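So the structure is just underneath, and the comments pick up after that.
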Amino acid sequence: ARVFSDERVRDPTIMKIRTIVNAEDAKVREDEVHVQIICKDGRNLSIHIEHATGTPLNPMSEEFLRKKFDDLVTPALGEGGAKNVWDAFAGLDSGDDGGVSGILGVDSAAKKGRNCNCMENVKINFFK
């Protein structure tokens with residue numbers, strides 16, 4: 001099951017874990033986390049993530065980003081639709097619109113004589 005699916009959220013193991021987790025404000029940065037697990041047998045497991053994946057100081061690789069994109073978009077658009085959207089946006093860093101204006105409705109607005117400023121409010125970051 002996908003990590004953020006309804007099925008996963010309702011998984012009995014995940015539901016049990018939620019009942020035994022305590023969150024504390026440890027005065028950490030927004031992209032940082034400290035996790036500590038105290039086991040019944042006395043073991044103490046901990047990890048510190050200084051900068052979460054996908055943040056400016058720990059950017060996602062293109063491969064990781066593509067997998068995440070596919071995992072999230074393919075269920076909604078199918079493999080072909082997800083590929084079309086990825087390919088359209090992939091050309092943006094080369095200055096090529098890549099069909100993005102069509103996806104955002106800019107082409108149809110222009111054909112109807114309306115002024116569309118869709119691209120003015122779009123920010124896309126490709127992490128390499």
Side-chain angles (χ1 to χ4, degrees):
R2 290 185 21 237
V3 175
F4 297 108
S5 68
D6 289 341
E7 175 187 353
R8 189 73 170 148
V9 170
R10 292 185 195 108
D11 180 296
T13 303
I14 301 300
M15 292 174 69
K16 174 67 177 165
I17 290 171
R18 286 196 311 253
T19 67
I20 61 174
V21 172
N22 296 314
E24 298 177 13
D25 182 3
K27 306 290 184 218
V28 295
R29 291 183 317 277
E30 188 174 283
D31 67 339
E32 179 181 24
V33 67
H34 294 272
V35 176
Q36 178 183 34
I37 301 171
I38 302 170
C39 303
K40 287 183 179 180
D41 66 6
R43 287 178 299 143
N44 188 334
L45 309 171
S46 64
I47 188 169
H48 172 234
I49 306 294
E50 189 172 4
H51 302 286
T53 302
T55 58
L57 293 173
N58 187 14
M60 288 185 224
S61 68
E62 187 160 346
E63 294 80 24
F64 186 95
L65 181 61
R66 178 63 189 261
K67 180 176 178 358
K68 182 175 181 173
F69 176 87
D70 286 341
D71 289 348
L72 295 170
V73 177
T74 300
L77 301 180
E79 287 184 26
K83 181 183 183 319
N84 289 342
V85 172
W86 178 269
D87 290 347
F89 279 90
L92 289 178
D93 59 350
S94 68
D96 178 12
D97 170 294
V100 173
S101 59
I103 292 171
L104 295 175
V106 176
D107 289 344
S108 61
K111 287 176 186 172
K112 293 178 183 174
R114 294 191 323 246
N115 183 11
C116 180
N117 295 321
C118 299
M119 296 302 287
E120 290 180 11
N121 295 318
V122 175
K123 180 178 179 187
I124 301 168
N125 293 314
F126 285 92
F127 301 103
K128 294 184 179 182

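For clarity, every value in this text was computed on a predicted model and none was experimentally measured.
Scored by the side-chain hydrogen bond (donor to acceptor under 3.5 Å, both in side chains) test, Lys83 finds Asp87 as partners (sequence neighbours excluded). Residues meeting the side-chain contact (heavy atoms from CB on, under 4.5 Å) test with Asp41, sequence neighbours left out: Cys39, Arg43. Residues passing the side-chain contact (heavy atoms from CB on, under 4.5 Å) test with Lys67 are Asp71, sequence neighbours excluded.
The ring-ring contact (aromatic ring centres under 6.0 Å, His included) contacts involving residues 8-27 comprise nothing, where partners must be two or more places apart or lie in separate chains. Counting only residues at least two apart or in different chains, ring-ring contact (aromatic ring centres under 6.0 Å, His included) contacts with residues 8-31 are absent.
Ile37 and Ile14 are assigned to two separate hydrophobic clusters, defined by single-linkage of ILVMFWY side chains at heavy-atom distances under 4.5 Å.
A distance of 7.5 Å separates NZ in Lys40 from CD1 in Ile20, rounded to the nearest 0.5 Å. Taking CZ of Arg29 as the start and CG of Leu57 as the end, the distance is 8.0 Å to the nearest 0.5 Å.
The shortest heavy-atom contact between Val9 and Arg18 is O-NH1, 3.1 Å.
Asp70 is not listed as a side-chain neighbour of Trp86, based on a closest heavy-atom distance of 4.5 Å or more.
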Do any side-chain atoms of residues 45-52 form donor-acceptor pairs under 3.5 angstrom with protein atoms, and if so which ones, sequence neighbours left out?
unit_1 : atom_1 : unit_2 : atom_2 : d
His48  : NE2    : Glu32  : OE2    : 2.6
His51  : ND1    : Asp31  : OD2    : 2.7

